[in-house]
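Notes follow the structure.
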Amino acid sequence: MVEKIQFYPLDVTYKVIDGKPVIHLFGRTTDNKQILILDDSFEPYFYVVPKKGVDVREKLEKIEVERDDKTAKVTRTEAVNKKFLGNDVQAIKVYTQLPGDVPMIREVVKDWEILEGIYEYDIMFSRRYLIDRKIVPLTLYEAEAEHYTLRAKVPVFKALKIEQLGTETIKPRILSFDIETYSPSRSIEPEKNPIIMLAFYSGNSAKAKSQKDEKPFKKVFVWKKFKTELDFVEFVNSEAELIEKFKETIETFKPDILTGYFSDGFDLPYIKTRAEKYKISMDLGLDYSELRVNKQKVTTSRIRGITHLDIFKFIKRVMGPTMKTDAFNLDAVAGELLGGSKHDVDLDELSEIWDKHPEKLEKFCNYNLNDSLLTYKLTQKMMPTIIELVKIVGLTIYDVNRMGFSQLVEWFLLKQTPNFDEIAPNKPGYNEIQNRRLQTYKGGFVYEPHPGLYKNIVVFDYRSLYPTIIGSHNIGIGTLNCECCEGTAKKTPAEDEEYWFCTKRKGFIPTLIEELITRRMRIKEIIKSEDAKYALLDARQNSLKLLANSFYGYLGFFGARWYSLECAKATTAWGRFYIQDVIKKAEDGGFKVLYSDTDSVFLTLDGKTKEDVNKFAEKINTELPGLMELEYEGLYPAGIFVSAKMGVLGAKKKYALLSEDGTLKIKGFEAVRRNWSFIAKETQEKVLDIILRDGDKKKALKYVKKIINDLREKRIPVEKVVIHTQLQKEISDYTSKGPHVAVAQRMINRGIKIGPGALIKFVVTQGSDIIRNRAKLPDEVTEEDYDSDYYVNNQVVPALDKIFEVLGYSKDDLLEHKEQKKLEGFF
DNA sequence: GATTGGCGGGG
DNA sequence: GTGTACGCCAATC
């Protein structure tokens, strides 16, 4: 009986059944049931392009390869008109019986001299299926299908037809988990040490049915009993039973997504190792397949039919570059993305308490649950971005989770090839990669600032500079140095060589990048006009931006299929051209240029009006091609640039601006970095504030003198002179012992267990010994003890001297005890 | 400077 | 699974 089934695909794999590859699409139906849909209508293939005028089809069709008593052969061939990097080619589509036959056949034809090239022989079968059938995971499809008998945990259907119904996406059922293990020496040894606790958390209730009125699901399994009131704690009798509970919970909860923090490399491999010890089968897959742990350079863990999401990986790669923290442990990441949520539990005690004081285990159960709660919340927070990337790139969450930006760009392009009849270029081989790695080229242009205090600074920047250049100048491999435009197309202003790009037909990459940019612009318009669904739309526009911005890097990435050094060079060359063009035009127009870096330029009004500025920008914009646009970023009533450590010119990326709305924008100064005492950061920020807001040098100087005086008179509390430094490795591994290492050593001697990653707080106290011997724990000292001179000379003054240099003061002026009449007269 | 080695995340 | 793998920082010559 043929039924119509509406479902959202979540995971895809394939299996060989009766000598035929069968695609397995796992998903959830619109009435909220897990399902498996089979499709045996998809054939493996790859392309060959023969040399002109050579007929190779007959020869291809005769290929037979024997290996391990299996025969791989070409089932049929098909002549197709395609394009390769923009040029028309006559290609042959070579079909095989099984996906694994493709590399075998390719091996045979690899050295055929009658072939121009062999392509798309390394695209995984299930991904190839998603591309060719235009299936975008998480969006709604309807299958015409009939029941099929296959051993599985969910109903199985065989599809006759699958078509897309819409682009709305599933709201996935997410279950997060976390384990705690016995680890007496802080080392991680799954062969030796048992799992002692296991926590689950979900915002969805345990029962899959009720959509409304959902109560969060909380559970902690532990195999030692103790007295507790916690209702989420469930005792089991052994580690083996705990592992069984892990399986059972997933089977009854039926999540679409199982999420953990570093679970690819820790929790799931650990569970698998322990399960093997007890000979417990980890057949978690919806088709009863085993949990698969792939230990290569990076370990991955996969469950068929259930999306295993390692949120650590995603956050580190996608959010990492824009985050403040440089440590990616759960504490730091949750702290920044979710707001403070520190647990005050010392994990080093766990093993001892487990052995000797199980009555104290309760707080560890809370800790365990809290970690899975944080993991859940992080996943929830990232979900809109993940879903958007899935929709843009067209791969499963599992794949998108584990890909870097260059791979995301590449799969986005691969997904688009059929729409342009393009054949994808091959990945570079080893030698090619080595060659590419050696290539370097010029980046953005920097106009170094003259140190100084300035008024009425106008900032402009090119919106999405590199993406719009690629689009507007038609930069791509297929349009590079085309014969049709030789001598007529404008040449790229690169110093060393001469490139041009076709002006007659738009290229594959430029077309796609412009699509991404315009899609993003439309979304930003909607966000501006209404604030409904803001978070979702914002995730969408941000994903589009992330992807568009990655194209330029992709073109210059050594592993890229669509690699082109010329294109990458052309992109930065045009970038330098356009920013230098603004600088020149600004100067010609009577503006003073202060600073510029890659895509932004800082000007002073210099007697001109805001209207003059608008006219200036308008004029520039009418002359810009395509989607390029110079955006007015803002007017800043005051700003300061300071000198670099060396040289007379100003430091790059180090300045402070006062916005019209009164907020301070501080870039590159110590005030925005950690590792400095609060008093140094606070004073620096306050001084910038006084200078920019009040324009009063004397007041700033007076303020600093007061702080220095307060330090000397011990009126600054101890908390403000504490210095925080993160311990990077084991104490014994440090060859040069900084003050934080000495303090850490003393903490250990005191019986406090700390290791790499710990944040060490210390205060430098008075004395004549070397610094590290004078570094003390904050709770060991009072105001009387800290070394005022150290804080004045090594913290406060270094944070300020470059700023005061701009104002015409020297270091000595800061340290003068009495204000001098002579100097006062100076202003 | 180039090159190599180790480590992050997890307990 | 038609695969392929990271990327940064510190120490070292």
Side-chain angles (χ1 to χ4, degrees), chain A residues 12-16 21 42-47 72 94-107 118-129 178-190 192-197 260-271 292 294-302 304 310-313 315-317 320-321 326-333 345-351 354 364 367-368 371 375 399 402-407 410-411 426-428 430 433 437-438 559 561 728-730 733-736 753 755-757:
Chain A
V12 55
T13 60
Y14 86 95
K15 247 189 223 174
V16 177
F42 191 61
E43 295 169 89
Y45 69 89
F46 65 103
Y47 292 108
V94 184
Y95 291 89
T96 68
Q97 187 69 31
L98 295 176
D101 296 347
V102 170
M104 287 166 72
I105 310 259
R106 186 230 161 193
E107 205 55 42
I118 313 163
Y119 304 103
E120 301 195 11
Y121 48 80
D122 59 354
I123 295 173
M124 279 111 37
F125 189 61
S126 49
R127 290 188 189 166
R128 167 102 274 169
Y129 175 80
D178 179 50
I179 60 169
E180 304 300 329
T181 66
Y182 183 76
S183 164
S185 56
R186 231 200 274 122
S187 60
I188 286 165
E189 295 165 276
K192 220 165 89 187
N193 296 325
I195 300 166
I196 56 188
M197 278 178 202
Y261 199 84
F262 198 56
S263 43
D264 247 350
F266 178 70
D267 303 69
L268 287 180
Y270 208 109
I271 289 170
R292 215 184 61 201
N294 207 357
K295 276 193 186 132
Q296 298 193 15
K297 267 217 166 112
V298 275
T299 308
T300 54
S301 306
R302 189 180 160 98
R304 277 193 174 195
D310 184 344
I311 200 64
F312 156 75
K313 265 193 186 149
I315 289 175
K316 185 168 179 194
R317 260 208 342 271
D326 37 25
F328 284 87
N329 51 15
L330 181 55
D331 243 12
V333 168
V345 169
D346 184 2
L347 260 190
D348 285 327
E349 294 175 354
L350 175 56
S351 299
W354 179 260
F364 291 97
Y367 169 87
N368 192 194
D371 272 6
T375 304
D399 285 339
R402 286 158 185 79
M403 280 180 176
F405 272 107
S406 57
Q407 277 184 88
E410 188 150 289
W411 281 98
N426 291 328
K427 277 197 267 201
Y430 181 79
I433 287 179
R437 274 181 188 273
L438 298 173
R561 286 175 190 266
Q728 296 296 339
K729 45 190 176 184
E730 290 293 341
D733 295 344
Y734 277 92
T735 42
S736 69
K753 286 178 186 160

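Note on naming: letters A, B, ... go to the chains in the order of the sequence lines (proteins, then strands), and numbering restarts at 1 for each one.
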Tell me what A/Tyr14 touches on the nucleic acid: a base, only sugar-phosphate, or nothing, going by heavy atoms under 4.0 Å. sugar-phosphate
From the list B/dG9, C/dG3, C/dT2, which nucleotide is the closest neighbour of the side chain of A/Gln407? C/dG3
Given atom CG of A/Asp346 and atom P of B/dG11, what is their separation to the nearest angstrom? 13 Å
Between atom CG in A/Asn294 and atom C1' in C/dG1, what is the gap in whole Å? 9 Å
If you only use heavy atoms from C-beta on, which nucleotide in B/dG11, B/dG9, C/dT2 is closest to the side chain of A/Asp348? B/dG11
How would you label the contact of A/Asp399 with the nucleic acid (heavy atoms, under 4.0 Å): base, sugar-phosphate, or nothing? nothing
Between A/Asp310 (side chain) and A/Phe262 (backbone), is there a donor-acceptor pair under 3.5 Å? yes
Quick one: which of C/dA5, C/dT2, B/dG9 gets closest to the side chain of A/Gln296? C/dA5
Counting any heavy atom closer than 4.0 Å, what does A/Arg127 reach on the DNA or RNA strands: base, sugar-phosphate only, or nothing? base
Side chain of A/Ile188 only, heavy atoms from C-beta on: which candidate in B/dG9, C/dT2, B/dG10 is closest? B/dG10
Starting the side chain at C-beta, find the nucleotide from C/dT2, C/dA5, B/dG11 nearest to A/Val298. C/dA5
For A/Leu268 and B/dG11, give me the distance from atom CG to atom P, rounded to whole Å. 13 Å
Could you check how far CD1 of A/Ile123 sits from C1' of C/dT4, rounded to whole Å? 13 Å
Nearest listed nucleotide, side chain of A/Leu350, among B/dG11, C/dT2, B/dG9: B/dG11
Which residue lies toward the 5' end of DNA chain C, A/Gly404 or A/Trp411, if each is placed at its nearest nucleotide? A/Trp411
Side-chain contact, heavy-atom cut-off 4.5 Å: A/Arg402 with A/Asp264? yes
Side chain of A/Phe312: nearest nucleotide among B/dG9, C/dA5, C/dT2? B/dG9
Once you apply a heavy-atom cut-off of 4.0 Å, does A/Asp267 come out as touching a base, just sugar-phosphate, or nothing? nothing
Base, sugar-phosphate or nothing for A/Arg128? Non-hydrogen atoms, less than 4.0 Å. base
note: A/Phe262, atom CZ; B/dG9, atom C1'; distance rounded to Å ~ 4 Å
Whole-Å distance separating the OH atom of A/Tyr119 from the C1' atom of C/dT2: 17 Å
Need one value for A/Arg302: base, sugar-phosphate or nothing, where a base atom within 4.0 Å counts as base even if backbone is also close, heavy atoms only. nothing
Below 4.0 Å: OP1/OP2 of C/dG7 and any side-chain N or O of A/Arg317: no
Base, sugar-phosphate or nothing for A/Tyr270? Non-hydrogen atoms, less than 4.0 Å. nothing
Specify whether A/Tyr45 and A/Tyr95 have parallel, tilted or perpendicular ring planes, treating 30° as the upper limit for parallel and 60° as the lower limit for perpendicular. tilted
C/dA5 and C/dG1, which share atom name C1', separated by this distance in whole Å: 14 Å
Candidates B/dG11, C/dT2, C/dT4 - which lies nearest the side chain of A/Asp178: B/dG11
Taking the six-membered ring for Trp, is the centroid-to-centroid distance between A/Tyr121 and A/Phe46 below 6.0 Å? no
Minimum heavy-atom distance between A/Pro99 and A/Phe125, given as atom pair plus value: CG-CG, 3.5 Å
Atom-to-atom span, CZ of A/Phe328 to P of C/dG7 - whole angstrom: 14 Å
Does either side chain, that of A/Thr181 or that of A/Ser183, offer a donor lying less than 3.5 Å from an acceptor on the other one? no
Less than 4.5 Å apart, any side-chain heavy atom of A/Pro269 and any of A/Pro190? no
Within this structure, what is the CE-to-P distance between A/Met124 and C/dA5, rounded to whole angstrom? 13 Å
Of all the nucleotides listed (C/dA5, B/dG10, B/dG8), which has the minimum atom distance to the side chain of A/Lys316? B/dG8
Take atom P in B/dG9 and the same atom in C/dG7, then report the distance between them in whole Å. 15 Å
If you check every side-chain atom of A/Asp371, which of B/dG11, B/dG10, C/dT2 has the closest atom? B/dG11
Using a 4.0 Å heavy-atom cut-off across all strands, classify A/Leu98 as base, sugar-phosphate, or nothing. nothing
